[in-house]
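Along the sequence shown, the residues carry numbers beginning at 1. Note that the structure is a prediction, hence the values are computed from the model and not measured.
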Amino acid sequence: MEIDRDIKGTRNSIMSLHEIYFWTDTIKDWNPLLKSDKYKNIIIESWRYLVEQEKVIIYGFVVMPNHLHIIWEMVSMNGKEMPYASFNKFTSHQFLNLLRNESPESISDFKVTDKIERDHRFWQRDPLAIVMDSQKKLEQKLDYIHYNPLQEHWNLAAMPENYYWSSAKFYEEGIDDFKFLTHYKDRI
């Protein structure tokens, strides 16, 4: 597949079935929408559904106030679309509904003027997908994910396993609070 790299500001990340990816998705304009646990729970429920439907396998993740990182594998199409597209579409609809009910004045933060596809955009258009083609690379990204909340500018936890919205506790203590994680060593 030929990728147009001349589009300014895009990374043109494409994911294929049966490959493991490190994926970063960012809220439009780095808005801290995900500070609220209600929005994080929308993400978790979407991932849980996709795992239960055998559309994805999730090996690790972290949900930060304005972005997320996940190591996952697309297993099968969700209808006519890739599961990551379903994830973005579903979470965007849920975010909009929640904002309409709880903070209608904040909806304007996500209004788009070009209206190519929709009136509102919650996820930036350029998610980053990197193939995890070695165990070493996957482990480096997993460490990056788990230590992200400890960075000085976030300071969300003292230890990786203390940050709830992450798979760190699963890897450190064997506890899967989310009921959808698969240990990467079960795959590699």
Side-chain angles (χ1 to χ4, degrees), residues 10-15 19-53 55-75 78 81-99 106 109-110 120-132 137-157 160-172 176-182 184:
T10 61
R11 293 186 256 201
N12 296 308
S13 294
I14 296 171
M15 287 194 276
E19 294 279 351
I20 299 174
Y21 290 89
F22 168 81
W23 194 60
T24 299
D25 213 357
T26 306
I27 297 294
K28 179 181 174 282
D29 300 326
W30 294 89
N31 185 303
L33 178 71
L34 305 177
K35 278 180 90 171
S36 167
D37 290 355
K38 291 178 182 181
Y39 295 92
K40 291 183 196 89
N41 275 319
I42 290 170
I43 290 168
I44 296 301
E45 290 306 314
S46 178
W47 286 342
R48 185 174 292 122
Y49 174 82
L50 290 169
V51 169
E52 288 171 357
Q53 298 301 307
K55 304 299 178 192
V56 301
I57 300 170
I58 298 176
Y59 303 103
F61 76 93
V62 68
V63 181
M64 301 296 289
N66 58 14
H67 69 285
L68 60 85
H69 302 292
I70 185 169
I71 297 174
W72 61 351
E73 179 178 353
M74 305 291 112
V75 177
N78 191 28
E81 64 189 3
M82 288 291 281
Y84 68 87
S86 298
F87 166 79
N88 276 354
K89 190 184 299 182
F90 174 80
T91 55
S92 292
H93 286 293
Q94 296 300 310
F95 293 164
L96 183 59
N97 289 338
L98 192 55
L99 280 175
S106 298
D109 294 342
F110 302 97
H120 301 90
R121 173 167 290 285
F122 289 90
W123 297 106
Q124 288 188 182
R125 289 182 183 233
D126 60 348
L128 173 66
I130 301 171
V131 175
M132 298 290 95
K137 188 186 285 187
L138 190 151
E139 289 170 347
Q140 287 172 336
K141 291 299 184 188
L142 198 58
D143 281 347
Y144 174 79
I145 284 172
H146 292 159
Y147 280 91
N148 205 289
L150 280 61
Q151 290 181 12
E152 190 174 323
H153 65 280
W154 292 118
N155 200 24
L156 298 172
E161 60 272 20
N162 294 342
Y163 185 66
Y164 181 75
W165 305 99
S166 159
S167 56
K169 189 174 180 181
F170 173 70
Y171 282 97
E172 289 298 317
D176 182 2
D177 289 326
F178 305 99
K179 311 292 187 250
F180 61 64
L181 291 165
T182 297
Y184 73 90

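Side-chain contact between Trp165 and Ile44 is present, with at least one heavy-atom pair separated by less than 4.5 Å. Taking the side chain as every heavy atom from C-beta outward, Leu150 and Pro160 approach each other to under 4.5 Å. A heavy-atom distance below 4.5 Å is not found between the side chains of Asp37 and Tyr164. In this structure, Tyr39 and Thr91 have side chains that are not in contact, with every pair of non-hydrogen atoms separated by 4.5 Å or more. Side-chain atoms of Met132 and Tyr59, non-hydrogen and from C-beta on, never get closer than 4.5 Å to each other. At a threshold of 4.5 Å between non-hydrogen side-chain atoms, the residues Ile130 and Lys141 count as touching. For the pair Phe87 and Leu50, the minimum side-chain heavy-atom distance is below 4.5 Å. Inter-residue side-chain proximity for Gln124 and His67 is flagged as unmet; no heavy-atom pair is nearer than 4.5 Å.
Among residues two or more places apart in sequence or in another chain, the side chain to side chain donor-acceptor pair (under 3.5 Å) test is passed with Tyr163 by none.
No more than 12 heavy-atom neighbours from other residues, nucleotides or ligands sit within 6.0 angstrom of NZ on Lys38.
The aromatic ring centroids of Phe61 and Phe178 lie less than 6.0 Å from each other. Ring centroid separation for the pair Trp23 and His69 does not come in under the 6.0 Å cut-off.
In this structure, His153 and Gln151 approach most closely via the heavy-atom pair CE1-OE1, 2.6 Å. Contact detail for Asn66 and Pro32: the closest heavy-atom pair is CB-CA, 4.0 Å. Closest non-hydrogen pair, Leu99 versus Ser106, comes out as CD2-CB, 3.9 Å. Of all heavy-atom pairs spanning Leu181 and Ser167, the tightest one is CD1-CB, 3.8 Å. For Pro65 against Leu156, the heavy-atom pair with the smallest separation is CD-CD1, 3.9 Å. Of all non-hydrogen atoms in Asn78 and Lys55, the two that sit nearest each other are OD1-CE, 3.7 Å.
The CG atom of Asn148 sits 8.5 Å away from atom OG1 of Thr24, with the distance rounded to the nearest 0.5 Å. Here the straight-line distance linking atom CE of Met82 with atom CE of Met74 works out to 6.0 Å at 0.5 Å rounding. The NE2 atom of His146 sits 4.0 Å away from the OG atom of Ser166 when rounded to the nearest 0.5 Å. Here the straight-line distance linking atom CZ of Phe180 with atom CD of Glu45 works out to 9.0 Å at 0.5 Å rounding. Rounded to the nearest 0.5 Å, atoms CZ (Arg125) and OG1 (Thr26) are 14.5 Å apart. Remark: Leu142 CG to Tyr147 OH distance equals 10.5 Å, nearest 0.5 Å.
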**Report entry** Candidate pair Glu81 and Lys89, rule side-chain contact (heavy atoms from CB on, under 4.5 Å), full reasoning
**Finding:** CA-CA 10 Å; Glu81 64 189 3; Lys89 190 184 299 182; 2.9 Å; yes
Requested in this report: Output, in order, the C-alpha distance, side-chain angles, deciding distance and verdict of side-chain contact (heavy atoms from CB on, under 4.5 Å) for Ile58 and Ile70.
Outcome: CA-CA 7 Å; Ile58 298 176; Ile70 185 169; 3.9 Å; yes
**Report entry** Candidate pair Ile42 and Trp47, rule side-chain contact (heavy atoms from CB on, under 4.5 Å), full reasoning
**Finding:** CA-CA 9 Å; Ile42 290 170; Trp47 286 342; over 6 Å; no
Requested in this report: For Trp72 and Ile57, run side-chain contact (heavy atoms from CB on, under 4.5 Å): C-alpha distance rounded to whole Å, both residues' side-chain angles, the deciding distance at 0.1 Å, then the answer.
Outcome: CA-CA 6 Å; Trp72 61 351; Ile57 300 170; over 6 Å; no
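Using a 4.0 Å cut-off between charged nitrogen and carboxylate oxygen, Lys179 and Asp176 do not count as a salt-bridge pair. A salt bridge is defined here as a Lys NZ or Arg NE, NH1 or NH2 lying under 4.0 Å from an Asp or Glu carboxylate O, and Glu172 with Lys169 fails to meet this definition.
Here the side chain of Ser92 pairs a donor or acceptor atom with the backbone of Asn88 at under 3.5 angstrom. In this structure, Lys40 contributes its side chain and Val63 its backbone to no donor-acceptor pair below 3.5 Å.
Using the six-membered ring where Trp is involved, Phe95 and Trp123 have ring planes that are tilted, between 30° and 60° apart.
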